J.: 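Sharing a structure below in C-alpha cells format, with a few things to ask.
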Amino acid sequence: MAAEFAEEIGRPPTVREVMEILELASIGEVDVLRLRFTANIKATAGVSRVGDLNDAAFAAAASGLEAVIGSDLDPESPGFTGEVGRRLTSALRESGIEYADVAPETEVRAKVSVARRLKRTRLGDVVAAPIPAGGYRIGVIVAKNAFGLAIGFFETVVPVPRVPASTDKVVPFPMYKLGDSIESGRWPIIGNDERLLDRFPRDPEIYHRPDWPSKPRRGEFGAAENSARVLRKIDVEEARAVGLLDGTYHQFLPGQRMLRWLDDRYPPGGRGDQRPAP
C-alpha cells in the first residue's frame, strides 16, 4: 500500500493518509460494520493526496485487511475492533512501512472503531444510484471478494428505479466500490435477481497499466488480475476496451466519482461508450 502510494504520488504517505486508505478499502471486508481507522499519532497539517490515487494502493490495502481480519474474527463480538486494531498495528510494524510525517523509530498504533452499522448485501442485489441530472443508474452486486464489493452497471439511465430486463445492455467491466453508498442506504437496494449475475463476470478482474517499474510481469499492454491474485497479460484490444490506453480506466472508485465516470462514458440519453477511439 505505501509503496503503491509513493510510486503514484512521489512521496511516502502520512499516517493519516494510510488510515484513510485503510478505511476506504475496508468497505466490503466487513458486511455489517462501517469501520473507522485512526492512529495514536496526531495528524499533521496538509492536504491529503488519497483522492488523487488510482487503484493500486486500495487493492493492496484491501488484500492486507483481508489477511488481518481473517476468517476467525466475528464482527458481532464485543472485542472485534480491538483485535483488528492490534493485528493491524502488528502488520504495519512488521511491514517496515515508511511514513512521511514520523521518524522510523516512532511507534504507530492503529485504532479501529465502529463508525456505523450497515445493511447487509447479497450477490444479485439490484441498487439504484441517483444521479444529479435526474434518474438512476442501475447496478447489480456481482462479487464480494478480496478486492471488495463489485458492481456491474447497466448502460441506460432510468427515470424511476426498476430491476433491469434481461436484455438491457450492460457496461462490460464491473467496478469495485469505495465507500458505503449502498450499505448506508444512499443507493437503495430495490430488489434481488441472481439471474442478472450471468450478464457479468463472476470474478471481476482489476487491470494494471504496463508502465509500473515495480511490476515487471505486466506485459506490453498491461495485465488483468483476479481475486486469487493471478495475473494474465492482455492484448491491445482488451487494453483499449477497458481504458488502459487512453488513461480513462478506473476499477476502484468512491460512489459519486463512479457515477461521474459512468456519465462521461455512458451519458444519460446517449448511446453507449462515448469515448473517441484512441
Side-chain angles (χ1 to χ4, degrees), residues 8 20-29 31 34 48-59 61-62 118-119 121 123-158 161-162 164 168-190 196-197 199-201 203-209 224-225 227 241-244 246-270 272-275:
E8 287 194 51
E20 282 186 61
I21 294 168
L22 289 167
E23 189 164 317
L24 287 168
S26 71
I27 302 297
E29 293 296 326
D31 272 354
R34 174 73 155 92
S48 169
R49 297 293 304 278
V50 171
D52 299 326
L53 291 171
N54 288 314
D55 304 330
F58 296 110
L118 302 173
K119 297 179 180 179
T121 57
L123 296 186
D125 279 349
V126 180
V127 301
I131 63 172
Y136 296 84
R137 292 272 179 193
I138 304 299
V140 181
I141 296 176
V142 298
K144 298 164 75 172
N145 57 34
F147 295 137
L149 188 148
I151 306 175
F153 279 97
F154 290 80
E155 281 192 9
T156 53
V157 170
V158 295
R162 64 168 176 81
D168 286 356
K169 195 170 182 181
V170 303
V171 176
F173 302 100
M175 293 182 287
Y176 287 93
K177 179 185 67 67
L178 296 173
D180 59 358
S181 333
I182 297 172
E183 297 87 346
S184 67
R186 292 193 301 276
W187 293 6
I189 296 172
I190 59 172
L196 296 174
L197 297 176
R199 305 291 308 280
F200 301 94
D203 185 18
E205 296 169 306
I206 63 172
Y207 287 84
H208 302 284
R209 300 194 307 267
E225 180 180 2
S227 62
V242 79
L244 287 183
D246 63 4
T248 61
Y249 170 77
H250 288 284
Q251 193 81 46
F252 296 87
L253 284 174
Q256 289 307 114
R257 285 185 61 192
M258 185 179 284
L259 294 179
R260 289 196 296 270
W261 184 90
L262 286 165
D263 281 350
D264 287 342
R265 294 184 67 165
Y266 302 91
D273 190 339
Q274 300 296 304
R275 294 177 308 155

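All heavy atoms count here, side chains included; hydrogens, waters and symmetry mates do not. Values in this document were obtained by computation on a predicted structure and should not be read as measured data.
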J.: CG/Leu149 to CE/Met175 distance, rounded to the nearest 0.5 angstrom?
T.: 12.0 Å

J.: Ignoring hydrogens, what is the shortest heavy-atom contact between Pro174 and Val142? Give both atom names and the distance.
T.: CB-CG2, 4.0 Å

J.: Are side-chain heavy atoms of Arg137 and Trp187 found at a separation under 4.5 Å?
T.: no

J.: Tyr266 and Glu155: which non-hydrogen atoms are nearest, and at how many Å?
T.: CE2-OE2, 3.4 Å

J.: So, taking the atom named CZ in Phe58 and the one named CG in Leu24, what distance separates them when rounded to the nearest 0.5 Å?
T.: 5.5 Å

J.: What pair of heavy atoms forms the shortest contact from Ala61 to Ala25, and how long is it?
T.: CB-CB, 3.7 Å

J.: Just how far is it from atom CZ of Arg265 to atom CZ of Phe173, taken to the nearest 0.5 Å?
T.: 8.0 Å

J.: What distance do Arg162 atom CZ and Tyr136 atom OH have between them, rounded to the nearest 0.5 Å?
T.: 13.5 Å

J.: Could you tell me which non-hydrogen atom of Ser48 sits nearest to which non-hydrogen atom of Glu20, and how far apart they are?
T.: OG-OE2, 2.9 Å

J.: Quick check: does any side chain N or O of Lys177 sit under 3.5 Å from a backbone N or O of Ile182, one acting as donor and the other as acceptor?
T.: no

J.: So do the side chains of Val157 and Leu262 get within less than 4.5 Å of each other, counting heavy atoms only?
T.: no

J.: Could you tell me which non-hydrogen atom of Arg257 sits nearest to which non-hydrogen atom of Leu53, and how far apart they are?
T.: NH1-O, 4.5 Å

J.: For the atom pair CD1 (Ile141) and CG (Asp125), what is the distance rounded to the nearest 0.5 Å?
T.: 4.5 Å

J.: Between Lys169 and Thr156, is there a side-chain heavy-atom distance shorter than 4.5 Å?
T.: no

J.: Compute the centroid of each ring, for Phe200 and then for Phe154, and state whether the two points are separated by less than 6.0 Å.
T.: yes

J.: I'd like to know if the side chain of Tyr207 and the backbone of Tyr249 have a donor-acceptor N/O pair within less than 3.5 Å.
T.: no

J.: Quick one: pull up CD1 in Ile131 and CG in Asp263 and give me the separation to the nearest 0.5 Å.
T.: 5.0 Å

J.: Which heavy atom in Ile138 sits nearest to a heavy atom in Pro164, and how many Å separate them?
T.: CG2-CG, 3.4 Å

J.: Within the distance-only criterion (no hydrogens, no angle test), does the side chain of Arg199 pair as donor or acceptor with the backbone N or O of Asp168 below 3.5 angstrom?
T.: yes

